Amino acid sequence: MELLSTLNPQQRDAVLTTEGPVLILAGAGSGKTRVITVRIAYLIAEKDVAPHNILAVTFTNKAAGEMRERVEQLLAGQKLQSAPLVTTFHSFCVRVLRRDIEALDEGYKKSFTIYDTDDSIKVIKAALKDIGFDEKQLAPRTILSAISNAKNRGENFDDFASKIEFTDERRQAISRVYKIYEERLRNANALDFDDLLIMTVRLLRNNPEIRDKYNDRFKYILVDEYQDTNPLQFSLIGYLTEKQQNICVVGDDAQSIYRFRQADIRNILDFEQHYPKAKVVLLEQNYRSTQTILDVAHAIIENNVEQKKKKLWTSNPGGEKILYFQALDGDGEARFVASQVDELRRRDPRKRIAILYRTNAQSRLFEEALRRYRIEYNIVGGFSFYERAEIKDVISYLKVALNPFDDIALLRVVNTPPRGIGKTTLDEVSRRARSSGASLWETTAVITDLEHKEGINLTPRAIEALRRFKSTIESLAQKIADAGQSDRPVSESVVAAIEDSGYAAMLRAENSDESAARLENLEELVNAAVDYDKQEADGLRDFIDHAALTSDTDKYDRNAAVTMMTVHSAKGLEFPVVFLVGLEDGIFPHSRSINDPKELEEERRLAYVAITRAETLLYVTHSMRRRVYGEEMAAEPSQFLNEMPLDMIRDLSRGQSWLSFAKGGKARSSQYAVSALRGENRESSKPKNLYTGKTYNSSEAIAEFFKKKSIEQPKPSEPKALTGFDKLRAQASQGPNPTASNKAFVPGAHVRHPKYGKGLVLRREGSGDNVKLTVSFPGFGQKKLIEKYANLEPA
DNA sequence: AAGTAAATTTTTTTT
DNA sequence: AAATTTACTT
């Protein structure tokens, strides 16, 4: 049996146990993907399982693509009637919903649209405006992540709302926005990323026949990176495997790095409780890295409390020491990395090298440095092709044509290119849409079809503009429908959206470098559609779904010489040489994780993932100064550096470094940082505030900030005549002050108004009798009040 | 209504 | 520093 010949006994065990639940605990580099792919091939080739009865689920398209490819390789030469379904959670759900969502009977139609994060944010902004809550008080992103977190925990709106205390204005606002958000999406026949999972789970839960259907279809189910599943994904798997229980999950609790997406590590830790008959296979032999690299990774992860003790081993040679470099600033770090890459490439041009960082924003310096060295690189993540404005615009045309209820897509294209439908017109259409509960499209139709135009606050010119827009969309929709009927290629419809909308004409007329680049991107989109036609030919709908669910992370080129990406994106990949850069407190571990022990542990797992990507050579670098928001800050070496066995690290820094101090044992890292900074200050006199990682940007944090301030600053000494500067200062520092007389309604204060009830003061302008307050009253919106007449009470 | 200048914010990580 | 949002001009 040649399929199994490359496997060790444990791996073979994992493949041969085809029936019943199997948990494969696979350490980094232990051949996990090999086991899954061989298992699929084995089921087909040796167990005569029909390929279409097999489902393998991953988290990223990248992983799915890789797996698909390797299964194909293993089965090369075999004639198969069907193919196993290897896909992501989200794509799988779309597939199910496109077929069966109408059985849910919740008003959703098969033509539903998928909203990406951008679209969701727009809905939230609009909702915030409607309830009269200031965006500055509550960032739309915060609300979206609150909603998304709730959804991914498997809660519905009522669960969420019931947990809110009446005193908490912000959470109440979130709850109200949540409600509106759900309504808007439903009206638009749109689902966000999380809804895709929610609706699928609901469909399977409520509908036994459909559940049965998919149970019979997918007799063997495999889940990759199981440690990253969240409660929704967990129940999805549960329903899908109800009948057969032929579930095989692969994962590594040490590599769980998606807690922020509500991934629950207990899903993998408690697998044996959920499936008592589960067979557990441990893969502990690492085939990827040198012993040194494994030792370093192990030394770091050992600092985690919540950790299953296990130790990877390898028969690989000990290998080189870890290489360390301390730079003076971010530029120096990038220069060092580029020079090393240059040298490595010169010695072996085929050696694959990765530069891994914690956040996408760090990529820029490395891009510039590599470009200066004329080194070609491949960058994964960051700006996605499908996120470019022109691409989203054209896709939105197609989305509106397919689902005219999609308000967000409609708003995106209604005046691009300019058609004379401006803010005034749109405000009027939106207002009417909201009061009638109809979509913008329906409202537009009503307005343009009406015989008598009385009562419509629109100029004839605006109405005519709307009419022309409407017919543009209608003829595009007609074209697409015809194309669908006659099996014409998707690319034709894409071209129609670009040309018939006037979009291409607009760009051609602009005739600038930028518009030329945009036109090129649109050509790329057409090319993507042509490629798509060649492969799947599953209709325009599917092409658009693909665009929504594909990020740039997926177009990773396995053979590229130099790849740059975040550590998250690097999971599942391996490289002979890895540069792990920006190892500074506040960056890695990230400042937002530093205060929560649970999150710090996740950062540590992330470091573990990063280190174990390396096969033979690992570089770790950090810089003493770092630019944050355009401001230069001092940076301390990451605590993770300190957790590495120092004798396994070789110092490549010029002169004295943190490492040389740490090795000498003379100074602790923080003391070192201080002395190093002193040295720095000689050449550049810029004051360097120590970057503690704490940022004051949420309003709780701001409240905390003020609290601290008021404690630190003793009460003002006896009233003196304030002069110029002091006066300004006095005005500027009027923050919420509980000890002050309750008469002052300052921003952040809760007040009660005789008519509007409880409200939140947003702004205070003027002085004396002319104090104007901007107050947000839930249910009434923002009101501007003159303090003297408003008759406000503290609440 | 549309384009430009000024002000403000932004950075976790991803489907 | 760069990108996005808002304010202001024509």
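Chain A is the first sequence line, chain B the second, and so forth, proteins listed ahead of strands; every chain is numbered from 1. In this text, all values refer to a predicted model and were calculated from it rather than measured experimentally. Quick note: numbers below take in every heavy atom, side chains included, and nothing from hydrogens, waters or symmetry partners.
Not counting sequence neighbours, the partners of T87(A) by the side chain to side chain contact (heavy atoms under 4.5 Å, CB included) test are L55(A), L85(A), S91(A), F92(A). With sequence neighbours excluded, the residues satisfying side-chain hydrogen bond (donor to acceptor under 3.5 Å, both in side chains) with D427(A) are K423(A). Take K470(A) and apply the side chain to side chain contact (heavy atoms under 4.5 Å, CB included) test, not counting sequence neighbours, and it matches W441(A), A445(A), T448(A), D449(A), E474(A). In terms of the side-chain hydrogen bond (donor to acceptor under 3.5 Å, both in side chains) criterion, residue partners of E643(A) (sequence neighbours excluded) are, by chain and number, N303(A), R604(A). By the ring-ring contact (aromatic ring centres under 6.0 Å, His included) test, H568(A) is found to be paired with Y258(A), F260(A), residues two or more places apart in sequence or in another chain being considered.
Nucleic acid contact class of N360(A) (heavy atoms, under 4.0 Å, all strands): sugar-phosphate only. Residue contacts shown for K571(A) are absent, as no nucleic acid heavy atom lies under 4.0 Å away. Using a 4.0 Å heavy-atom distance criterion, F59(A) is classed as a sugar-phosphate-only contact. Within 4.0 Å (heavy atoms only), E599(A) reaches at least one base atom of the nucleic acid.
A straight line from CD of E631(A) to P of dT11(B) spans 18 Å, rounded to a whole angstrom. Remark: P of dT9(B) and CD1 of I121(A) are 16 Å apart, rounded to the nearest angstrom. Taking atom CZ of R141(A) as the reference point, atom C1' of dT9(B) lies 12 Å away to the nearest angstrom. Rounding to whole angstrom units, CD1 of residue I594(A) and P of dT11(B) are separated by 19 Å. For the pair R626(A) CZ and dT11(B) C1', the interatomic distance rounds to 13 Å; values are reported in whole Å. Between N61(A) atom CG and dT15(B) atom P the separation is 7 Å, expressed in whole Å. Here the P atom of nucleotide dT15(B) and the CG atom of D545(A) are 16 Å apart, to the nearest Å. Across the protein-nucleic acid pair, D228(A) atom CG and dT13(B) atom C1' stand 11 Å apart, rounded to whole Å.
Checking dT15(B), dA1(B), dT10(B) against the side-chain heavy atoms of Y629(A) singles out dT10(B) as nearest. When the nucleotides dT13(B), dA1(B), dT15(B) are ranked by their closest atom to the side chain of F260(A), dT13(B) comes out on top. Looking at the side chain of P418(A), the nearest of the listed nucleotides dT15(B), dT11(B), dA2(B) is dA2(B).
Take the nearest nucleotide of DNA chain B for D194(A) and for T424(A): the residue whose nucleotide is more 5' is T424(A). Taking the nucleotide of DNA chain B with the nearest heavy atom to each of G420(A) and Y258(A), the more 5' of the two is matched to G420(A).
OP1 or OP2 of dA2(B) lies within a sub-4.0 Å distance of a side-chain N or O belonging to N415(A). Distances shown here put a side-chain N or O of T566(A) below 4.0 Å from the OP1 or OP2 atom of dT14(B). Residue S91(A) has no polar side-chain atom (N or O) positioned under 4.0 Å from OP1 or OP2 of dT15(B). Applying the 4.0 Å criterion to OP1 and OP2 of dT12(B), one finds that S593(A) has every side-chain N and O outside that range. Using a 4.0 Å cut-off, no side-chain N or O of T60(A) falls inside it from OP1 or OP2 of dT14(B).
To the nearest 0.5 Å, atom CG of residue L365(A) and atom CD of residue E333(A) are 8.0 Å apart.
The nucleotide range of DNA chain C contacted by chain A, defined by atoms under 4.0 angstrom from heavy atoms of the protein and reported 5' to 3', is dA1(C) to dT5(C).
In terms of polar N and O atoms assigned as donor or acceptor, the side chain of R358(A) comes within less than 3.5 Å of the base of dT13(B) in a complementary pairing.
dT6(C) and dT11(B) are spaced 22 Å apart, taking the C1' atom of each and rounding to whole Å.
The aromatic ring of H590(A) is stacked on the base of dT12(B), with the two ring centres less than 5.5 Å apart and the planes inclined by under 30°.
Sparse packing is recorded around CZ of R95(A), with 12 or fewer heavy atoms of other residues, nucleotides or ligands lying under 6.0 Å away.
Looking at heavy atoms from C-beta onward, I611(A) lies in side-chain contact with I300(A) at the 4.5 angstrom threshold.
Aromatic ring pairs are classed by plane angle as parallel below 30°, tilted from 30° to 60° and perpendicular above 60°; the pair H546(A) and Y532(A) is tilted.
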